[in-house]
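Data first, discussion second: the structure below is written as structure tokens.
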2 protein chains.
Amino acid sequence: MIARRRDHALYQQLADVLREQIQQGAYGAGTGFPAERELCKLHGLGLMTVRRAMAILREEGLITTSRGSGSVVRVPIRRATVVLDADSCLIARMPSAVERHAMNLEPGVPLLEIRHVRGQVQVLAADQVEVTGRSTAAG
Amino acid sequence: MIARRRDHALYQQLADVLREQIQQGAYGAGTGFPAERELCKLHGLGLMTVRRAMAILREEGLITTSRGSGSVVRVPIRRATVVLDADSCLIARMPSAVERHAMNLEPGVPLLEIRHVRGQVQVLAADQVEVTGRSTAAG
DNA sequence: CCGGATTTGTACGTATGTATT
DNA sequence: GAATACATACGTACAAATCCG
């Protein structure tokens, strides 16, 4: 039951409940998700509380939200593999507003900034790649 | 000047202004930052707008905010270097609520999940490490 | 050590704009 | 065009942490 506590905020409690429901397949991948106002009525919470809870699930990549149509449970992403050369450097960070717009990134997606030995810099959306070290046999 | 536009939300405009001020050293590293309500009065904006703008700066790692004391401009972080073995795999993702609590992570910090060849899995806060491929000469 | 002032955190209600169906 | 649904934005209130005299 969601109730006011000192240690757990209402929006965190709601996020926990919804995450549990998603992982138990209560809504199905790619299927609809209750509307914001519907969740307000269902749990007796305010709009801000519901929106903060859903923002958490978005950042965790569990749902995607579109204006006008609502939210859907996300299907797992297929990742491309990127090879990290020896002595090259990888940094994960959040994108700036400009980068998020230019790369058409969804909120909450980190960037991988790979600085190669020869000075080349590669910036990738972290939710679309896996990174592996170069095979010593091949390199 | 910050004004209502269709393409740029007020909180984004404010974040841009504050980011500019920070990068020009208007507040100094480790020094104080205007209080939320002060920014409201300064720019003639509501509390929600100011808080969203500051949330953006927090996610970008430019400021840290503490309840009761306020916000300060962040000093650049010193990163440790982690070697990524050949054929091991790195995934960057956002932490769950449990992980964020267990690892004492600040909001907006991505995790680096490194899966080594031998099955060992290493989970690190992305703002505290740089990752490099293993040197072919040494490996 | 206590108490007040300051500052952020949480939470609700409401209104308007905009995209989708 | 209408209904639905999310995005932005303001105002308000109280709780909790911190700071300072």
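By convention in this document, chain letters (A, B, ...) are assigned in the order of the sequence lines, proteins followed by strands, and residues within each chain are numbered from 1. Remember, it's a predicted structure, so these values are computed and weren't measured experimentally.
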Check your understanding: Would you find more than 12 non-hydrogen atoms of other residues, nucleotides or ligands less than 6.0 Å from A/R19 atom CZ?
Key ->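 Atom CZ in A/R19 is crowded, with more than 12 foreign heavy atoms closer than 6.0 Å.
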Would you mind reading off the distance between [X] atom [atom1] and [N] atom [atom2], rounded to a whole angstrom?
| X | N | atom1 | atom2 | result |
| --- | --- | --- | --- | --- |
| A/R51 | D/dT8 | CZ | C1' | 8 Å |
| A/H43 | C/dT10 | NE2 | P | 19 Å |
| B/L10 | C/dG17 | CG | P | 13 Å |
| B/E36 | D/dT12 | CD | P | 16 Å |
| A/Q12 | C/dA11 | CD | P | 10 Å |
| B/L14 | D/dT8 | CG | P | 14 Å |
| A/M48 | D/dC6 | CE | P | 17 Å |
| B/F33 | C/dT8 | CZ | C1' | 14 Å |

Check your understanding: Is the shortest distance from a Lys or Arg side-chain nitrogen in A/E59 or B/R93 to a carboxylate oxygen in the other one below 4.0 Å?
Key ->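 Here A/E59 does not pair with B/R93 in a salt bridge, since their nearest N and O are not under 4.0 Å apart.
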Review point. Between A/Q13 and B/S71, which has a closest nucleotide on DNA chain C that is more 5'?
Key: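 This one resolves to B/S71.
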Please tell me if [X] has a side-chain N or O lying less than 4.0 Å from either OP1 or OP2 of [N].
| X | N | answer |
| --- | --- | --- |
| A/Y11 | C/dT10 | yes |
| B/R4 | D/dT8 | no |
| B/R52 | D/dA9 | no |

Which donor-acceptor pairs under 3.5 Å do the side chains of residues 32-45 of chain A make with protein atoms, sequence neighbours left out?
| residue | atom | partner | partner atom | Å |
| --- | --- | --- | --- | --- |
| A/E36 | OE2 | A/R51 | NH1 | 2.4 |
| A/H43 | ND1 | A/L39 | O | 3.4 |

Kindly give the atom pairs (protein nitrogen or oxygen, nucleotide nitrogen or oxygen) under 3.5 Å for nucleotides 13-21 of chain D.
| residue | atom | partner | partner atom | Å |
| --- | --- | --- | --- | --- |
| D/dA16 | O4' | B/R67 | NH2 | 2.8 |

Practice item. Check the side chains of B/T65 and B/R58 for a donor-acceptor pair under 3.5 angstrom, ignoring hydrogens and angles. Key: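 Yes, B/T65 and B/R58 have a side-chain donor paired with an acceptor closer than 3.5 Å.
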Point to revise | Qualifying side-chain hydrogen bond (donor to acceptor under 3.5 Å, both in side chains) pairs, either residue in residues 118-131 of chain B, two or more places apart | key: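 Matches after skipping sequence neighbours: B/H116-B/Q122.
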Practice item. Return yes if some donor-acceptor pair links the side-chain N/O of A/S71 with the main-chain N/O of A/I63 below 3.5 Å, else return no. Key: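 Checked: no pair found.
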Practice item. Examine distances only and state if a side-chain atom of B/Q13 and a backbone atom of B/H8 form a donor-acceptor pair shorter than 3.5 Å. Key: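 Looks like yes, one N/O pair under 3.5 Å.
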